[in-house]
Amino acid sequence: MNIEKILQDSIQAALLAEFEVSEPTIALQPTRKDFEGFYTFVVFPYVKALRKSPVEIGNAIGNYVVSNTTVVSTFNVVQGFLNISIADTAWKDTFNHLKSDASFGKLPTKDETVMVEYSSPNTNKPLHLGHLRNNFLGYSVAQILDANGYNVIKANLVNDRGIHICKSMLAYQKFGQNETPASADMKGDHLVGKYYVEFDKHYKVEVEALKAEGLSEDDAKKQAPLMKEAQEMLLKWEQGDEEVVALWQKMNDWVFEGFNQTYETMGVSFDKIYKESNTYLLGKETVEEGLASGVFFQKEDGSVWIDLADEGLDQKLVLRKDGTSVYITQDMGTADLKYKDFGMSKSLYVVGNEQDYHFEVLFKILKKLGRPYAEGCYHLSYGMVDLPSGKMKSREGTVVDADDLMQEMKDTARERTNELGKIDGFTTEEAEELYSTLAMGALKYFLLKVDPKKRMLFNPAESIDFQGNTGPFIQYTHARICSILKKAEGLNINIEDASTYTSLHEVEREIIFALSEYPRKVADAGREYSPALIAQYAYDLAKSYNRLFAELSIFNAESPEAMQFRVQLSKAVGETIKKAMALLGIKVPTRM
RNA sequence: GGUUCCGUAGCUCAGCUGGAUAGAGCAACUGCCUUCUAAGCAGUAGGUCUCAGGUUCGAAUCCUGACGGAAUCACCA
């Protein structure tokens, strides 16, 4: 049993024994730094009812916990705050317990499957900064849920068909001159993206021309020849036109090749890929079913709708009058398919918050349809990554390309590392690997340390930091620890036996406490789907350790016991940092 | 206009199931490398927690309103 639980139980008992108050939950908070003590219990709430002074109540409870537990060494009462100090023996017990737990931080298996769908790119343009946040977030949440004992399926629903793909295809047909990724020396996704931009350029000219002829903006957009051609192409694609399908296949293959390369650099992976070209017809049956059961209704023109007025929402179209699907139709069908494939109890959709409304509607529809999995659906909605100039806009050329950014990060890492002269004794290969590790560590940490729900700012003019509250700071701490452990190995220091070192330094207590908090943080992060909690934790732990590193000597410790203990502590911190960073998808180097 | 989210140090962010004097990092300034990695450590300075009310022993945190910003309200995905 951990210290906090013992304290809570004891305070509960004290309230009952001394004041006949039964309190179901006892909330403890960390004692403010300026006061003596570790945990603080606030007694103000009882003052009125008990008609006793806060000090009186505090002292009574304090005395009770001192004499009825072994974990409390002493206490003090300031105003209405009962500050409790913990005995070093209790900290040592806690540490010995956690360091001998081989699966520390891995929560008990839940025998429950959860799907995390993330990434979900369009195959008409390369990935950008927004996708990086999405991918890192999705991957990290999957790792966190895995540590929480779930069986996790990482899924990617690729949007590989539709009018937007036809735009790239059409532009390629017209202006491509059989260019290939090889001949253009471009990644496939970038090449296809180039033609998407190309389409837009010519399309705009056409629209302007039509507007000059007096058409309204809307009409001009609809009647521009290029748009009409693209729509015809989509129709041909749906009819299985050989030429169109072949072109689609070729260009999609290029894109996938490019994406896979980017995914590899990002360090993310998937257990299941769904392609919209295979699923876009799904959902029509669901519409039939919903019509039959009266969940949906049909208008005179034949279009099918759902009325969500009773849920405080509007009516929503689920099938066009010509019988073709809309976005939400496919999502209904795909939800069924996913459930059929994996039977998961939870299904997370990692999608930007601009789609909040869409998912609210989707989940309400699934509920109305009586889907057994509807309750477990959750939209993990994250905020946009803004630039100082505002939102990224591809038309204005303000998109930060994922491949470019990752490359720049690596260049910065190389530069910094070389400046600091940190690569003595590294082979070229090892050095390159270190640059990547640091670059991705900095980038991932930067994007994950912020609460996912909040929009965040990225300033391309200032490169992402490698100092302070950053990935490399934590990676550096790990490398330092590895260096300590290597030296300890050389000295043959026993790192398994519980040492007899008993009078702990303040920093050492702080670190043991931080370590003991790890499983709880994993649980919190899993419940809130928030890698930011893990990032913050890893940073705090690293910071505490660096303080120890600076303030206390390890190999010149005051006693052999102290040395042995500190090496053990270092090992535990290193392992925990490694685990925490792994939950963020960040690797830690053994030297840097 | 309706709905939802946001507003904390010059900048980027924590803190938000109500608790003590508001927490980090960056940027600025001061110290610390002949002993375990200075991508580090210690310190100084920097705040009307957007504003106004309310709830209470106590509010950055909860409620109401105002102001400012964003997203969404497509037979696009």
Side-chain angles (χ1 to χ4, degrees), chain A residues 25 27 29 31-35 40 42-45 47-48 54 78-81 83 120 122 124 159 161-164 276 280 301 303-305 312-314 316-322 324-331 351-358 360 381 383-384 386 388 390-391 413 416-417 419-420 422 438 442 446 449-451 453-459 462 464-477 479-488 532-533 535-536 539-540 542-543 545-557 563 566-567 570 591-592:
Chain A
T25 51
Q29 51 187 302
T31 302
R32 266 192 89 92
K33 284 273 185 300
D34 334 291
F35 295 95
T40 291
V42 184
V43 300
F44 280 119
V47 171
K48 215 175 209 174
V78 181
Q79 296 169 42
F81 300 92
N83 301 324
S120 311
N122 287 341
N124 63 338
N159 186 356
R161 54 129 251 147
I163 189 74
H164 47 290
E276 221 184 85
Y280 79 104
D301 65 358
S303 57
V304 182
W305 297 71
L313 302 176
D314 282 335
K316 179 88 187 169
L317 178 96
V318 294
L319 198 70
R320 294 193 187 102
K321 63 184 173 198
D322 62 3
T324 56
S325 306
V326 290
Y327 182 30
I328 207 153
T329 324
Q330 298 172 34
D331 269 359
V351 181
N353 62 10
E354 75 268 14
Q355 293 195 35
D356 284 354
Y357 184 70
H358 169 77
E360 194 183 351
S381 161
M384 298 289 101
D386 283 328
K391 200 179 170 181
R416 291 201 62 99
T417 307
E419 263 169 30
L420 292 168
K422 293 270 189 175
L438 294 176
F446 176 81
K449 76 173 176 188
V450 179
D451 183 335
K453 292 191 288 293
K454 293 193 176 168
R455 53 194 301 120
M456 63 181 294
L457 192 88
F458 172 76
N459 189 348
E462 303 166 7
I464 292 173
D465 273 315
F466 282 68
Q467 283 168 6
N469 187 354
T470 65
F473 170 90
I474 301 166
Q475 292 172 316
Y476 176 69
T477 309
R480 276 181 149 182
I481 289 171
C482 288
S483 155
I484 293 286
L485 294 180
K486 200 171 167 194
K487 186 164 176 182
L533 298 178
Q536 188 63 44
Y539 174 64
D540 288 338
K543 215 160 67 133
Y545 184 83
N546 278 326
R547 206 178 124 207
L548 177 142
F549 193 92
E551 287 181 14
L552 302 176
S553 188
I554 294 177
F555 295 109
N556 283 322
M563 174 169 71
R566 282 173 199 158
V567 171
S570 300
R591 54 188 177 139
M592 65 184 270

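Side chains are part of it too, since the values below use all heavy atoms of this structure and drop only hydrogens, waters and symmetry mates. Naming convention: chains lettered A, B, ... in sequence-line order (proteins, then strands); numbering from 1 in each chain.
- Using C1' as the reference atom, B:rG69 and B:rA27 are 25 Å apart when rounded to the nearest Å.
- B:rA20 sits 38 Å from B:rC33 when the P atoms are compared, rounded to a whole Å.
- Note: CZ (A:R455) to C1' (B:rU72) measures 12 Å, nearest angstrom.
- Here the straight-line distance linking atom CZ of A:R416 with atom NZ of A:K422 works out to 10.5 Å at 0.5 Å rounding.
- Not a single donor-acceptor pair under 3.5 Å links the side chain of A:K449 to the backbone N or O of A:Y539.
- Counting distance only, with no hydrogens placed and no angle test, the side-chain atoms of A:D301 and the base atoms of B:rC75 include a donor-acceptor pair under 3.5 Å.
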Determine, step by step, whether A:D465 and A:T470 satisfy the side-chain hydrogen bond (donor to acceptor under 3.5 Å, both in side chains) criterion, reporting the C-alpha distance in whole Å, the side-chain angles of both residues, the deciding distance to 0.1 Å, and the verdict.
CA-CA 7 Å; A:D465 273 315; A:T470 65; over 6 Å; no

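- As the counterpart of B:rC5, B:rG69 is assigned, both hydrogen-bonding distances of the Watson-Crick or G-U wobble pattern falling under 3.5 Å.
- Using a 4.0 Å heavy-atom distance criterion, A:F446 is classed as making no nucleic acid contact.
- Rounding to the nearest 0.5 Å gives a distance of 8.5 Å between OG of A:S570 and CZ of A:F549.
- Regarding the sugar-base torsion, B:rC33 falls in the syn class, its angle being within 90° of 0.
- Stacking annotation: A:F81 is stacked on the base of B:rA20 (ring centroids less than 5.5 angstrom apart, interplanar angle below 30 degrees).
- Among the protein residues, A:P45 comes within range of the nucleic acid bases, having at least one heavy atom under 4.0 Å from a base atom.
- Both distances falling under 3.5 Å, in either a Watson-Crick or a G-U wobble arrangement, place B:rC29 opposite B:rG43.
- If you check every strand for non-hydrogen atoms under 4.0 Å, A:E276 touches sugar and phosphate atoms only.
- Under the Watson-Crick and G-U wobble criteria, each requiring two contacts below 3.5 Å, nucleotide B:rC62 is paired to B:rG54.
- As judged by a 4.0 angstrom heavy-atom cut-off over every strand, A:T477 is placed among residues making no nucleic acid contact.
- Judged purely by distance below 3.5 Å, without hydrogens or angles, the side chains of A:R455 and A:N353 never pair a donor atom with an acceptor atom.
- Within the nucleic acid shown, A:M456 comes within 4.0 Å of sugar-phosphate atoms alone, with no base atom in reach, counting heavy atoms only.
- Nucleic acid contact for A:N83: base, since at least one base atom lies under 4.0 Å from a heavy atom of the residue.
- At the heavy-atom level, A:K48 lies under 4.0 Å from the strands shown only through sugar-phosphate atoms.
- In this structure, A:L457 atom CG and B:rG25 atom C1' are separated by 15 Å, rounded to whole Å.
- When both pairing distances are held under 3.5 Å, B:rU37 makes no Watson-Crick or G-U pair with any nucleotide shown.
- Taking 4.0 angstrom as the limit, A:Y357 places none of its side-chain polar atoms (N or O) nearer than this to OP1 or OP2 of B:rU72.
- Comparing A:I328 and A:K316 by the nucleotide of RNA chain B whose heavy atom lies nearest to each, the residue mapping closer to the 5' end is A:K316.
- Between the C1' atom of B:rC36 and the CG atom of A:L548 lies a distance of 11 Å, rounded to the nearest Å.
- With hydrogens and angles ignored, no donor-acceptor pair closer than 3.5 Å exists between the side chain of A:D356 and the base of B:rU4.
- To the nearest whole angstrom, the two C1' atoms, one in B:rA28 and one in B:rU64, are 42 Å apart.
- Nearest nucleotide to the A:Q355 side chain, out of B:rU37, B:rA77, B:rA70: B:rA77.
- Among the nucleotides B:rG7, B:rA77, B:rC75, the one closest to the side chain of A:K454 is B:rG7.
- When heavy atoms are screened at a 4.0 angstrom cut-off, A:L313 is found touching no nucleic acid atom at all.
- Rounded to the nearest Å, the gap between the P atom of B:rC5 and that of B:rU17 is 16 Å.
- A salt bridge links A:R32 and A:D34; the closest N-O separation between the charged side-chain nitrogens and carboxylate oxygens is under 4.0 Å.
- Put simply, CG on A:D314 is 14 Å from P on B:rU4, counting in whole angstrom units.
- Each of A:F458 and A:A550 was matched to the nucleotide of RNA chain B holding its nearest heavy atom; the match closer to the 5' end belongs to A:F458.
- One can place CZ of A:F44 at 11 Å from P of B:rG58, the figure rounded to the nearest angstrom.
- Separation of the C1' atoms belonging to B:rC62 and B:rG43 is 38 Å when rounded to the nearest angstrom.
- Checking the phosphate oxygens (OP1, OP2) of B:rG23, a side-chain nitrogen or oxygen of A:R32 falls inside 4.0 Å.
- Nearest nucleotide to the A:V450 side chain, out of B:rA39, B:rC13, B:rC75: B:rC13.
- Nucleic acid contact for A:K543: sugar-phosphate only, since backbone atoms but no base atoms lie under 4.0 Å from a heavy atom of the residue.
- Taking both residues in full, the closest heavy atoms of A:E276 and A:R161 are given as OE1-NE, 3.9 Å, listed atom of the first, atom of the second, then distance.
- Backbone-only contact: A:E354 has heavy atoms under 4.0 Å from sugar-phosphate atoms and none from a base.
- Rounding to the nearest 0.5 Å gives a distance of 10.5 Å between CG of A:L420 and CZ of A:F466.
- The nucleotide B:rG23 finds its pairing partner in B:rC13, both defining distances of the Watson-Crick or G-U wobble pair being shorter than 3.5 Å.
- Nucleotide B:rA39 holds its P atom 9 Å from the CZ atom of A:R416, rounded to whole Å.
- The CG-C1' distance, from A:L420 to B:rU37, rounds to 11 Å in whole Å.
- Between A:V567 and A:F555 the shortest heavy-atom distance is CG2-CE2, 4.2 Å.
- Residue contacts shown for A:D386 are absent, as no nucleic acid heavy atom lies under 4.0 Å away.
- Under the stacking definition used here (centres under 5.5 Å, planes under 30°), the residue A:F549 fails to qualify as stacked on the base of B:rG40.
- For the OP1/OP2 pair of B:rC76 and a distance below 4.0 Å, the side-chain nitrogens and oxygens of A:R161 include no atom meeting the criterion.
- Within the 4.0 angstrom heavy-atom criterion, no nucleotide atom of any strand lies near A:I474.
- Among the protein residues, A:T417 comes within range of the nucleic acid bases, having at least one heavy atom under 4.0 Å from a base atom.
- One finds no side-chain N or O of A:S553 lying less than 4.0 angstrom from the OP1 or OP2 phosphate oxygen of B:rC36.
- A:F473 does not qualify as a stacking partner of the B:rG40 base, lacking a centre-to-centre distance under 5.5 Å together with planes within 30°.
- The base of B:rA20 does not come close enough to the side chain of A:T31 for any donor and acceptor atom to sit less than 3.5 Å apart.
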